Amino acid sequence: MSEGASNITALIVAAGRGRRAGGERPKQWQNLAGRSVLDWTLSRFATHPEITHIVLVAHPDDAPDIGALDMPQNARVVQGGATRADSVKQGLQDTPAGLVLIHDVARPAISDSLISGVIAAAHAHGAAAPALEVTDALWQGDDFVRGTRDRNALFRAQTPQTFDRDAILRAHGQFDGTPTDDVEVARAAGIDVKIVAGEERNLKITRPEDFARAAQYLEPEMDIRTGNGFDVHRFGPGDHVMLCGISIPYERGLQGHSDADVGLHAITDAIYGALAEGDIGQHFPPSDPQWKGAESHVFLTHARDMAKARGFAINHVDCTLICEHPKIGPHTMTIREKLAELLNIDVDRISVKATTSERLGFTGRGEGIACLATVTLLKP
Ligand code: MG
C-alpha cells in the first residue's frame with residue numbers, strides 16, 4: 001500500500017437491474033426525497049473530504065441518465081458486467097492504487113462518520129467493513145418454526161467494504177464461483193477484514209417500503225427555504241410595460257430607475273429573502289447610475305446565481321400580479337416560459353397569476369402595478 005497510498009476511491013456498484021423494490025425502473029433511478037437513489041449515494045461520497053476518486057459502475061442502458069447527472073469532477077463511469085462481482089472487477093480495473101471503498105448504490109443514507117470510520121479501520125487493519133449485530137432471535141423454518149439459531153457472533157453485513165485496491169483486485173481474480181459480497185472474496189484470499197459498527201440508516205433499499213425509511217434519514221438534512229417579495233411601480237407615459245421579462249403593449253408604461261419590471265423585482269427579492277441576503281436595493285443601489293434603465297433580468301440572474309453558488313436549487317416560484325389593466329391572463333404562458341428560461345428551471349415549477357383589487361386602492365384606481373412573489377429554494 002505504498003504507491004498511491006493517499007488515494008481513497010469510492011467504487012459505487014450501480015449496474016444491477018434489481019426490481020424487488022418495485023417501480024418501473026431499477027431502484028437506483030427511482031425518486032427518493034426529490035433525487036434519484038444514485039444521485040444521493042454519489043453525493044454522500046462526492047462531498048466526503050477524505051474521498052479522492054469516485055468510480056461509478058453503471059449499466060450500459062443507463063448511459064442517458066448518467067449523462068444527465070451532475071457528475072462530480074473526480075468521478076468516472078465504468079460499464080458494468082453480467083454479475084455484481086464482474087461489475088466490481090470492471091470498476092477495480094479503473095481504480096487507482098490505494099484504498100477502495102466498495103459500496104452498494106442502494107445504500108444512499110450512509111453517514112459521513114461511518115465512511116470516516118471504515119477508512120480509519122482499513123488504514124489500521126488493511127481491510128474493514130461495517131456490520132450490525134443481530135438483535136432479533138433467529139429461527140430456522142418453513143411455514144413453521146423448525147429450530148432456533150444462536151444469534152451471538154452473527155452480523156448483518158453492510159457496505160462500504162474497504163480494501164487495498166491491488167489486494168482485492170487480485171482476490172477477485174483468484175475467486176471461483178459467485179460471491180455474496182467482496183468480504184467473502186477477500187477472506188477466500190486470506191485477507192482479514194475488521195468489523196466496524198454499522199448503522200441502521202445505512203440500510204439497503206430492497207423492498208418498496210425501504211424508500212420511506214431511507215427518506216426519513218435524508219429529508220431532515222435538506223435545507224428548504226421560502227422567501228417572499230413585494231414590489232410596486234407607478235404608471236407614467238409610455239406604450240408598453242415590462243412584466244416578468246416580457247414586453248406587454250399598453251397605453252402607459254411603468255416608471256422606475258431600471259426598466260421597472262415589477263414582476264422580476266418581486267421574484268428577485270423573494271430569492272434574496274430565501275437566502276437572507278437583503279433586497280434588490282442593497283445589491284443594485286438606485287443611487288448607482290450604472291443601473292439606470294437596466295434590464296431587470298440582470299437582477300434576477302444575480303439572485304439566481306447567488307442561490308446556485310450556495311448550493312440551492314430554485315424549486316418553485318409563485319408570482320401574483322395585481323392590476324386592473326393591462327390584462328395579464330392572455331400572457332401568463334409566455335411569462336412562465338420567459339421565467340423558466342431566465343431561471344433555468346422547468347416551466348411547471350413556475351406559477352404566474354393575475355388579479356385585480358376590485359377597483360380598490362392604488363391598483364384599483366389604475367395608478368400602478370403591484371406584484372407578490374414566493375420562491376422556494378431547496379438544498380439537498
Ligand atoms: Mg422595483
Side-chain angles (χ1 to χ4, degrees), residues 225-286 291-304 307 314-343 345-377:
R225 295 174 172 219
T226 305
N228 68 60
F230 176 70
D231 197 29
V232 173
H233 282 266
R234 70 167 68 236
F235 284 123
D239 59 6
H240 71 281
V241 292
M242 288 303 293
L243 284 179
C244 299
I246 72 160
S247 169
I248 297 177
Y250 188 52
E251 64 199 38
R252 285 179 289 173
L254 288 174
Q255 291 186 324
H257 193 71
S258 63
D259 65 4
D261 189 327
V262 65
L264 290 191
H265 294 181
I267 296 168
T268 302
D269 263 353
I271 298 172
Y272 290 138
L275 295 170
E277 279 288 354
D279 60 26
I280 205 166
Q282 267 170 258
H283 297 282
F284 300 93
W291 309 122
K292 183 160 176 58
E295 294 186 42
S296 296
H297 62 75
V298 173
F299 312 147
L300 184 72
T301 51
H302 176 265
R304 175 201 72 188
I314 297 171
N315 201 47
H316 184 251
V317 175
D318 186 17
C319 163
T320 303
L321 291 155
I322 307 162
C323 59
E324 302 291 328
H325 296 285
K327 288 297 171 203
I328 308 295
H331 303 285
T332 51
M333 196 59 220
T334 316
I335 290 175
R336 290 174 66 203
E337 283 166 355
K338 183 68 188 179
L339 289 172
E341 178 198 321
L342 290 172
L343 293 169
I345 63 175
D346 290 339
V347 76
D348 64 4
R349 293 181 180 277
I350 296 169
S351 154
V352 173
K353 312 192 297 299
T355 186
T356 70
S357 54
E358 296 287 330
R359 301 189 173 279
L360 296 171
F362 67 89
T363 53
R365 291 188 298 271
E367 293 168 5
I369 300 182
C371 182
L372 281 167
T374 304
V375 167
T376 307
L377 303 184

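Quick caveat: nothing in here was measured; it's all calculated off a predicted structure. Quick note: residue numbers are just sequence positions, from 1.
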Asker: Might you point out which heavy atoms bring Lys327 and Pro330 nearest each other, and give the distance in Å?
Answerer: O-CD, 3.7 Å
Asker: Under the side chain to side chain contact (heavy atoms under 4.5 Å, CB included) test against His265, which residue among Val232, Leu300, Ile280 passes?
Answerer: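 Going through the options one by one, the only one that passes is Ile280.
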Asker: Where the side chain of Asp261 meets the backbone of Cys244, is there a donor-acceptor pair that is under 3.5 Å apart?
Answerer: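 Judged by distance alone, yes, a pair lies under 3.5 Å.
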Asker: Can a donor-acceptor pair be found between the side chains of Asp318 and His316 at a distance below 3.5 Å?
Answerer: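 Checked: Asp318/His316 side chains show no N/O donor-acceptor pair below 3.5 Å.
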Asker: Considering all heavy atoms of both residues, which atom of Arg252 and which atom of Gly236 are nearest to each other, and what is their separation?
Answerer: CB-O, 3.2 Å
Asker: Applying the side chain to side chain contact (heavy atoms under 4.5 Å, CB included) test to Thr226, which of Thr376, Val375, Asn315, Leu377 qualifies?
Answerer: Thr376
Asker: Look at the side chain of Asp279 and the backbone N and O of Asp269, then say whether any donor-acceptor pair between them is shorter than 3.5 Å.
Answerer: no
Asker: Output yes when a side-chain donor or acceptor of Arg349 lies under 3.5 Å from a complementary backbone atom of Ile314, and no otherwise.
Answerer: no
Asker: Which atom pair, heavy atoms only, marks the closest approach of Phe235 to Gly366?
Answerer: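 Between these two residues, the closest heavy atoms are CD1-O, 3.2 Å.
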Asker: For the backbone of Asp348 and the side chain of Asp346, can you confirm whether one donor and one acceptor N or O come within less than 3.5 Å of each other?
Answerer: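 Not confirmed, Asp346 side chain does not pair with Asp348 backbone.
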Asker: Look at the side chain of Ser258 and the backbone N and O of Ala260, then say whether any donor-acceptor pair between them is shorter than 3.5 Å.
Answerer: yes
Asker: In Å and rounded to the nearest 0.5 Å, what is the CG to OG distance from Leu339 to Ser351?
Answerer: 10.0 Å
Asker: Within a 6.0 Å radius of atom CD on Glu358, are there more than 12 heavy atoms belonging to other residues, nucleotides or ligands?
Answerer: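 No - once you tally the heavy atoms of other residues, nucleotides and ligands closer than 6.0 Å, there are 12 at most.
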Asker: Could you state the interatomic distance from CD (Glu324) to OG1 (Thr363), rounded to the nearest 0.5 Å?
Answerer: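 Those atoms lie 6.5 Å apart.
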Asker: Could you check Arg234 against Val262 for side chain to side chain contact (heavy atoms under 4.5 Å, CB included), going step by step and ending with a plain yes or no?
Answerer: CA-CA 10 Å; Arg234 70 167 68 236; Val262 65; over 6 Å; no
Asker: Could you tell me whether a side-chain N or O of Thr320 sits under 3.5 Å from a main-chain N or O of Lys353, the two making a donor and an acceptor?
Answerer: no
Asker: Measuring only between side-chain heavy atoms, which start at C-beta, is Val241 closer than 4.5 Å to Pro326?
Answerer: yes
Asker: Locate the shortest heavy-atom distance separating Cys319 from Cys371; write the atom from each residue and the value.
Answerer: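 Smallest heavy-atom distance, with atoms named: SG-SG, 3.5 Å.
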Asker: Run the numbers on Asp239 and Tyr250 for side chain to side chain contact (heavy atoms under 4.5 Å, CB included), then give the verdict.
Answerer: CA-CA 5 Å; Asp239 59 6; Tyr250 188 52; over 6 Å; no
Asker: Is there a donor-acceptor pair closer than 3.5 Å between any side-chain N or O of His257 and the backbone N or O of Pro286?
Answerer: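 Yes; judged by distance alone, with no hydrogens or angles, the pair exists.
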Asker: As an exercise, state the distance from CG of Leu243 to OG1 of Thr334, rounded to the nearest 0.5 Å.
Answerer: 12.0 Å
Asker: Which residues satisfy the salt bridge (charged side-chain N to carboxylate O under 4.0 Å, His left out) test with Glu341, sequence neighbours excluded?
Answerer: Lys338
Asker: Tell me if the CD atom of Glu295 is crowded by more than 12 foreign heavy atoms within 6.0 Å.
Answerer: no
Asker: Quick check: does any side chain N or O of Arg336 sit under 3.5 Å from a backbone N or O of Ile350, one acting as donor and the other as acceptor?
Answerer: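 Yes, Arg336 side chain to Ile350 backbone: donor-acceptor pair under 3.5 Å.
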Asker: Indicate yes or no: at least one non-hydrogen side-chain atom of Ile335 is less than 4.5 angstrom from one of Ile328.
Answerer: yes
Asker: Please give me the minimum heavy-atom distance between Gly229 and Ala270, naming the atom from each residue.
Answerer: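 For Gly229 versus Ala270, the nearest heavy atoms are N-CB, 3.7 Å.
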Asker: May I ask you to test the Val347-Met333 pair for a side-chain heavy-atom distance under 4.5 Å?
Answerer: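 In short, these two side chains touch, coming nearer than 4.5 Å.
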Asker: Classify the angle between the aromatic ring planes of His283 and His302 as parallel (below 30°), tilted (30 to 60°) or perpendicular (above 60°).
Answerer: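 Tilted: the ring planes of His283 and His302 meet at 30° to 60°.
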Asker: On the 0 to 90° scale, with breaks at 30° and 60°, tag the Trp291-Phe299 ring pair as parallel, tilted or perpendicular.
Answerer: perpendicular
Asker: Working to the nearest 0.5 angstrom, can you tell me the gap between Ile267 CD1 and Leu372 CG?
Answerer: 11.0 Å
Asker: Using the rule given for side chain to side chain contact (heavy atoms under 4.5 Å, CB included), can you reason through Asp259 versus Leu264, listing the C-alpha separation, both sets of side-chain angles and the distance that settles it, and then say yes or no?
Answerer: CA-CA 10 Å; Asp259 65 4; Leu264 290 191; 5.8 Å; no
Asker: State, to 0.1 Å, how close Ile271 and Ala307 come at their nearest heavy-atom pair, and which atoms those are.
Answerer: CG2-CB, 4.3 Å
Asker: Nearest 0.5 Å, what's the OG1-CZ distance between Thr374 and Phe230?
Answerer: 12.5 Å
Asker: Got a second to check how far Leu360's CG is from Arg365's CZ, nearest 0.5 Å?
Answerer: 9.0 Å
